[in-house]
Peer 1: 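One structure follows; several queries about it will come next.
Residue indices begin at 1 and follow the sequence shown. We count ligands from 1, going down the list as the structure has it; atoms in each ligand are counted the same way.
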Amino acid sequence: MAARSDSLERYIEGVRKRNPGETEFHQAVYEVAASIIPYIQDKPRYQNMQILERMAEPDRVVMFRVCWEDDKGNIRVNRGYRVQFNNSIGPYKGGIRFHPSVTLSVLKFLGFEQTFKNSLTGLPMGGGKGGADFNPKGKSDSEVMRFCQSFMTELARHIGENTDVPAGDIGVGAREIGYMFGQYKRLTNEFVGVLTGKGLEFGGSLIRTEATGYGTIYMLDNMLTHAGNSVEGKSVVISGSGNVATYAAQKVKQLGGKVLTMSDSSGFIHDPAGIDEEKLAYIIDLKQVRRGRISEYADKYDAEFHEGRPWGVTCDMAVPCATQNELTGDDAAVLLANGCMAVSEGANMPTELSGIKAFQDAGILYAPSKAANAGGVAVSGLEMSQNSARISWKEEELQTLLRDIMKDIHDNCAEYGAENGKVDYLKGANIAGFVKVADAMLAYGVV
Ligand code: NDP
């Protein structure tokens, strides 16, 4: 055991030295390596070929200037990125994030995680991520359009339907994807599936919008079923009020659970009566059409608004759907003290390492993001297939495919994570995601 933790510390020390100051990236690599290093201990083929070392090094990183003009005629400068992490099992695939907190470290952690997540879906997709430190909040539609066009003017030369297929993420929804796809089409004179999350009129897939949130709750439901329980009648605390949070809330409601909270970066609303379909429709209009603040919900309905995060509200289950490290070790302790019995991560890496440890020590059900939120990229993969074949599948087919993929992800994690009659879903997700990518890398030799 000592030898294993020594080699984990040595490995992480190497990652820290090569990537100074990239704390989010170190955290993501640590979380994976803690499962993989013990697993490869007796598998010299992975060790001798330095597979884990190679997996922590992106294939390439592109960084570029994005210049655009605001409505007052001022010239603005942002920084754009695309991290092409690993294309061993398919073209790079992963979202684009527009948020002021975007840094190389954040995008490297997301691209690294994406490689494992995409492998878990069973579809042929490699891992990548991109974005810019641009803040769409408070910008006019014209400003967002000019930014997206400028961003794509540079990005276009690095992506392609068989090379790298970006999608949305924080701050990048249907509007931004439309502007970027339009610019790509104009630059290349090609109509191809180079982005996913597109509008239905120009090659988008049904249920892509809902897929990440729905998948996160399918993962929760699959874990509960495996443990002889269900979502029905349970209270659920959700953070965020964007794409993932909204459809996670809808699926909880459909499965008979009660959603008590939703949030944004200004605070959270607590509605003890539960957020039903009508209230959810109000939130979708408020956040995605009017681009307002979640606090307005408390003015309209009988609910409280509080600053901060929602983890102090007593619940049976927690589903973080906003951003990385939004659930600390202290938050985890509060959730556990209040009787929380399951956590499914809709956001990427929302729980700090100390929080994960607290959940695992307490033995509650914990689904890490790379498994729990893989439904979004899975349906993006299905969008790519539909684009290549120039067809559109029906909603029922896609709903069934999403449910089946999430069930397979659950079962795969349960197989690799089985431990003394229980399941360690983190270990299961890490190992199941690793094996396919690692075996492909072995097949390619030293590249
Ligand atoms: P959206 O931009 O649609 O929504 C993000 C939500 O999180 C908003 O409510 C936003 O509040 C809140 N939020 C963002 N940053 C912070 C912060 N620093 N502190 C508090 N609240 C914050 O993004 P998505 O719903 O698409 O993404 C949410 C998470 O899910 C991210 O981690 C993303 O990587 C992950 N994810 C998304 C997928 C997708 O298909 N969209 C796929 C897989 C993972 P505000 O409105 O105030 O900014």
Peer 1: Can you name the nearest heavy-atom pair linking Val334 to Gly312, along with the distance?
Peer 2: CG1-CA, 3.9 Å

Peer 1: For Arg186, I'd like to know if atom CZ has over 12 heavy atoms of other residues, nucleotides or ligands within 6.0 Å.
Peer 2: no

Peer 1: Any sub-3.5 Å donor-acceptor pair from Glu113's side-chain atoms to Leu110's backbone N or O?
Peer 2: no

Peer 1: Report yes or no: does a heavy atom of Arg293 sit under 4.0 Å from some atom of ligand 1?
Peer 2: yes

Peer 1: Assess Lys137 for proximity to ligand 1: is some non-hydrogen atom of it under 4.0 Å away?
Peer 2: yes

Peer 1: Closer than 4.0 angstrom, basic N to acidic O: yes or no for Asp221 and Lys407?
Peer 2: no

Peer 1: Identify, by atom number and element, the atoms of ligand 1 in contact range of Ala347, meaning under 4.0 Å from any of its heavy atoms.
Peer 2: 29 (C), 30 (O), 32 (O), 35 (C)

Peer 1: Based purely on interatomic distance, does Leu110 place a nitrogen or oxygen under 3.5 Å from a nitrogen or oxygen of ligand 1?
Peer 2: no

Peer 1: Considering heavy atoms of the protein only, find what lies nearest to atom 9 (O) of ligand 1 and give residue, atom and distance to 0.1 Å.
Peer 2: Ser241 N, 2.9 Å

Peer 1: What I want to know is whether Lys287 and ligand 1 share at least one N or O pair that is separated by under 3.5 angstrom.
Peer 2: yes

Peer 1: What residue and heavy atom of the protein are closest to atom 29 (C) of ligand 1, and at what distance?
Peer 2: Ala322 O, 3.3 Å

Peer 1: Suppose we measure from atom 20 (C) of ligand 1 to each protein heavy atom; which comes out shortest, and what is that distance?
Peer 2: Ser265 CA, 3.6 Å

Peer 1: Can you find an N/O atom of Ser266 closer than 3.5 Å to an N/O atom of ligand 1?
Peer 2: no

Peer 1: Check whether any N or O atom of Gln324, backbone or side chain, sits under 3.5 Å from an N or O atom of ligand 1, and answer yes or no.
Peer 2: no

Peer 1: Charged N to carboxylate O below 4.0 Å: is that the case for Arg293 and Asp264?
Peer 2: yes

Peer 1: Can you confirm whether Arg79 is buried at CZ, in the sense that more than 12 heavy atoms of other residues, nucleotides or ligands lie under 6.0 Å from that atom?
Peer 2: no

Peer 1: Taking 4.0 Å as the limit for heavy-atom contacts, which would you say applies to Cys321 with ligand 1: side chain only, backbone only, both, or neither?
Peer 2: backbone

Peer 1: Kindly identify the option in Asp169, Thr246, Asp264 whose heavy atom sits closest to atom 33 (C) of ligand 1.
Peer 2: Asp169

Peer 1: With the threshold set at under 4.0 angstrom, would you say Ser263 reaches ligand 1 through any of its heavy atoms?
Peer 2: yes

Peer 1: Measure the distance from atom 25 (O) of ligand 1 to every protein heavy atom, then report the residue, atom name and distance (to 0.1 Å) of the closest one.
Peer 2: Val244 N, 3.0 Å

Peer 1: Tell me which protein heavy atom sits closest to atom 43 (C) of ligand 1, plus the residue, atom name and distance to 0.1 Å.
Peer 2: Thr212 CG2, 3.6 Å

Peer 1: Please verify whether a non-hydrogen atom of Gly171 lies at under 4.0 Å from ligand 1.
Peer 2: yes

Peer 1: Give yes or no for whether the N/O distance cutoff of 3.5 Å, strictly under, is met between Lys129 and ligand 1.
Peer 2: no

Peer 1: Below 4.0 Å from ligand 1: does a non-hydrogen atom of Arg97 turn up there or not?
Peer 2: yes

Peer 1: Should we say atom NZ of Lys185 is surrounded by more than 12 heavy atoms from elsewhere, each under 6.0 Å from it?
Peer 2: no

Peer 1: Among all protein heavy atoms, pick the one closest to atom 23 (O) of ligand 1 and tell me residue, atom and distance.
Peer 2: Ile170 CA, 3.5 Å

Peer 1: Return the orientation label for the Trp68 and Phe134 ring planes: parallel under 30°, perpendicular over 60°, tilted otherwise.
Peer 2: perpendicular

Peer 1: Is there a donor in the side chain of Tyr39 and an acceptor in the side chain of Asn430, or the other way round, less than 3.5 Å apart?
Peer 2: no

Peer 1: Can you classify the ring geometry of Phe25 versus Phe85 as parallel (below 30°), tilted (30 to 60°) or perpendicular (above 60°)?
Peer 2: tilted

Peer 1: With a 4.0 Å cut-off, would you call Arg76 and Glu143 a salt bridge?
Peer 2: no

Peer 1: I'd like to know if Glu383 pairs up with Lys198 as an ion pair, taking the criterion as any Lys NZ or Arg NE/NH1/NH2 lying under 4.0 Å from an Asp or Glu carboxylate oxygen.
Peer 2: yes

Peer 1: I'd like to know whether ligand 1 has Arg208 as a neighbour, heavy-atom separation below 4.0 Å.
Peer 2: yes

Peer 1: Among all protein heavy atoms, pick the one closest to atom 41 (N) of ligand 1 and tell me residue, atom and distance.
Peer 2: Asn243 OD1, 3.5 Å

